[in-house]
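Input: a single structure, listed below in structure tokens.
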Amino acid sequence: MSLTLSNAAITFVGAGSMAEAIVRGLTSQQDGNPSRITMLNRQDVSRLQSLQQRYGVSYAVESSEKDQSITAADVVIVAFKPKDAVEGLKALSPLLQPSQLLVSVIAGLSTSTIEDIIGAPGQPIARTMPNTSSSIGFGATGISFTASVTADQQKLATDMFSSTGIVSVVEEASLDIVTGVSGSGPAYIYYMMEAMIEGGIRGGLTPEAAKQLTVQTVLGAARMVELTGEDPADLRRKVTSPNGTTQAALETLDRHDFSSGVTKAVLRSAERAGELGQAISAQAANR
């Protein structure tokens, strides 16, 4: 029988904000099955109870129940912090089954390092890079698969993250730059919005009006790109009249290396993802 969102047993190891975002997406789908989802964390029982109340999922607290929920799962999603990756994966390794799909949402952590830590070179692994907008169904997730992931498992993983937004299947080597573009990307937009709101306030708007106008402007600009299919550069040129207000504003941004700064930020985020992965790999090698 093919694995689907309705029949797959899914266990989350880690119950933080990203795990909740995925659960929210899964349980909002018509074929989602909360009774097949189990949440685990170290010791925050109140957090697990809250997730059960909100989404109807199960949780396990006792060690034997935790182990059973991992062993019996079709999909095990590791959603803990990078600093806990080595310890968490080592604890999982004796419980994993060769046929299970292991899904990682840990930034920078390569599948080869995961395989080394768990001691299972052939384990089917999906490495993902979602972003925080997944929590409201507007996420952007990059995903890659190891060679041992079956077609059914690939479809299941893609369907899981499609429930939180869009999914782009990429080669693993591209996942760090996905981190730079969409993983960290929401923060760049928030940062720009902060500056736009501040500019509005300095110019005499109330904080409420400046925020409202900024939010709608960002929403509208994103929708224009999405609905028209036009390149952002073409849309920018269309609203930039010669010697007009927009040109004056863009020239000011250019004098402050706005475009170059954003591009460098994307690349630095990707570089940092790689550094985090290397640190985890070094930590694993020293244990």
Side-chain angles (χ1 to χ4, degrees), residues 3-61 65-66 69-70 72-82 84-85 88 100-107 109 126-144 153-169 175 178-179 181-187 189-190 215 218-219 222-223 226:
L3 287 176
T4 67
L5 292 181
S6 62
N7 65 26
I10 303 170
T11 295
F12 285 79
V13 185
S17 57
M18 188 53 68
E20 181 175 3
I22 301 168
V23 167
R24 183 185 292 112
L26 289 173
T27 56
S28 69
Q29 300 299 296
Q30 187 173 4
D31 54 353
N33 190 346
S35 68
R36 302 282 288 167
I37 299 173
T38 305
M39 310 298 295
L40 312 177
N41 64 15
R42 282 184 173 177
Q43 55 189 12
D44 189 351
V45 179
S46 63
R47 169 65 173 168
L48 299 176
Q49 291 172 334
S50 174
L51 292 170
Q52 182 188 53
Q53 291 166 3
R54 286 183 214 166
Y55 307 108
V57 297
S58 302
Y59 67 88
V61 176
E65 293 177 343
K66 287 182 177 182
S69 69
I70 292 168
D74 297 303
V75 181
V76 177
I77 301 177
V78 288
F80 30 72
K81 294 178 174 60
D84 300 322
Q100 289 174 313
L101 176 64
L102 183 64
V103 178
S104 169
V105 295
I106 304 170
L109 183 60
R127 179 183 166 190
T128 70
M129 185 63 241
N131 66 13
T132 56
S133 300
S134 298
S135 64
I136 58 169
F138 283 87
T141 299
I143 187 168
S144 66
Q153 289 173 326
Q154 289 189 29
K155 185 179 186 308
L156 176 60
T158 302
D159 288 347
M160 286 172 53
F161 286 92
S162 293
S163 73
T164 68
I166 68 161
V167 175
S168 181
V169 179
L175 276 178
V178 169
T179 303
V181 173
S182 58
S184 299
I189 307 302
Y190 301 147
V215 169
V218 172
L219 284 170
R223 278 299 266 169
E226 181 181 46

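Here, residue 1 is the first one in the sequence, and each next residue gets the next number.
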>> Side chains of Ser168 and Val178, heavy atoms from C-beta outward: is any pair under 4.5 Å?
In response: no
> Can you check whether Ile70's main-chain N or O pairs, donor with acceptor, with Gln100's side chain at less than 3.5 Å?
Replying inline: yes
>> If the condition is side chain to side chain contact (heavy atoms under 4.5 Å, CB included), which residues does Ala85 pass it with, not counting sequence neighbours?
In response: Phe80, Ile106, Leu109, Ile280
> Where is the tightest heavy-atom contact between Gly14 and Ala19, given as atom of each residue plus distance?
Replying inline: O-CB, 3.4 Å
> Between Ala8 and Leu156, what is the shortest heavy-atom contact and its length?
Replying inline: CB-CD2, 3.8 Å
> Looking at residues at least two apart in the chain, or sitting in another chain, which of them share a side-chain hydrogen bond (donor to acceptor under 3.5 Å, both in side chains) with Ser35?
Replying inline: Asn33
> Does Ile77 reach the side chain of Thr11, with side-chain heavy atoms less than 4.5 Å apart?
Replying inline: no
>> Go through it in stages, so that I can follow the logic: the residues are Val76 and Phe12, the test is side chain to side chain contact (heavy atoms under 4.5 Å, CB included), and I'd like the CA-CA distance, side-chain angles, deciding distance and then a yes or no.
In response: CA-CA 6 Å; Val76 177; Phe12 285 79; over 6 Å; no
>> Checking Val169 against Ser144 for the side chain to side chain contact (heavy atoms under 4.5 Å, CB included) test, could you report, in this order, the C-alpha distance in whole Å, the side-chain angles of both residues, the deciding distance, and whether it holds?
In response: CA-CA 6 Å; Val169 179; Ser144 66; over 6 Å; no
> Do the side chains of Met39 and Val23 get nearer than 4.5 Å, heavy atoms only?
Replying inline: yes
>> Please evaluate residues Ile22 and Val105 with respect to the criterion side chain to side chain contact (heavy atoms under 4.5 Å, CB included), reporting the C-alpha separation (whole Å), side-chain torsions for both, the decisive distance (0.1 Å), and the verdict.
In response: CA-CA 10 Å; Ile22 301 168; Val105 295; 4.2 Å; yes
> So, does Arg127 use its side chain to make a donor-acceptor pair with the main chain of Ser104 at under 3.5 Å?
Replying inline: no
> Can you tell if the side chain of Val57 reaches within under 4.5 Å of the side chain of Thr38, non-hydrogen atoms only?
Replying inline: no
> For Arg54 and Ser50, what are the C-alpha separation, side-chain angles and deciding distance, and is it a side chain to side chain donor-acceptor pair (under 3.5 Å)?
Replying inline: CA-CA 6 Å; Arg54 286 183 214 166; Ser50 174; 2.9 Å; yes
>> Could you tell me if the side chain of Ile10 sits less than 4.5 Å from the side chain of Arg36, heavy atoms only?
In response: no
> Does any N or O in the side chain of Lys66 come within less than 3.5 Å of the main-chain N or O of Arg42, such that one atom is a donor and the other an acceptor?
Replying inline: yes
> Taking all atoms of both residues into account, what is the closest heavy-atom pair of Ser133 and Pro186, and its distance?
Replying inline: OG-CG, 4.1 Å
> So Tyr55 and Glu20, side chain to side chain donor-acceptor pair (under 3.5 Å) or not? Walk me through it.
Replying inline: CA-CA 9 Å; Tyr55 307 108; Glu20 181 175 3; 2.6 Å; yes
>> For a quick test of reading the model, state the closest non-hydrogen atom pair linking Arg24 to Ser135 and the distance between them.
In response: NH1-O, 2.7 Å
> So, do Thr164 and Pro130 sit near enough that their side-chain heavy atoms are less than 4.5 Å apart?
Replying inline: no
> Closest heavy-atom contact between Ala157 and Leu101?
Replying inline: CB-CD2, 4.1 Å
> Just by distance, do the side chain of Asn41 and the backbone of Ala15 share a donor-acceptor pair under 3.5 Å?
Replying inline: no
>> Give me the atom names and distance for the closest heavy-atom approach of Ser17 to Arg47.
In response: N-NH2, 4.0 Å
>> For the backbone of Gly139 and the side chain of Asn131, can you confirm whether one donor and one acceptor N or O come within less than 3.5 Å of each other?
In response: no
>> When you compare the side chain of Val78 with that of Val103, does any pair of heavy atoms fall below 4.5 Å?
In response: no
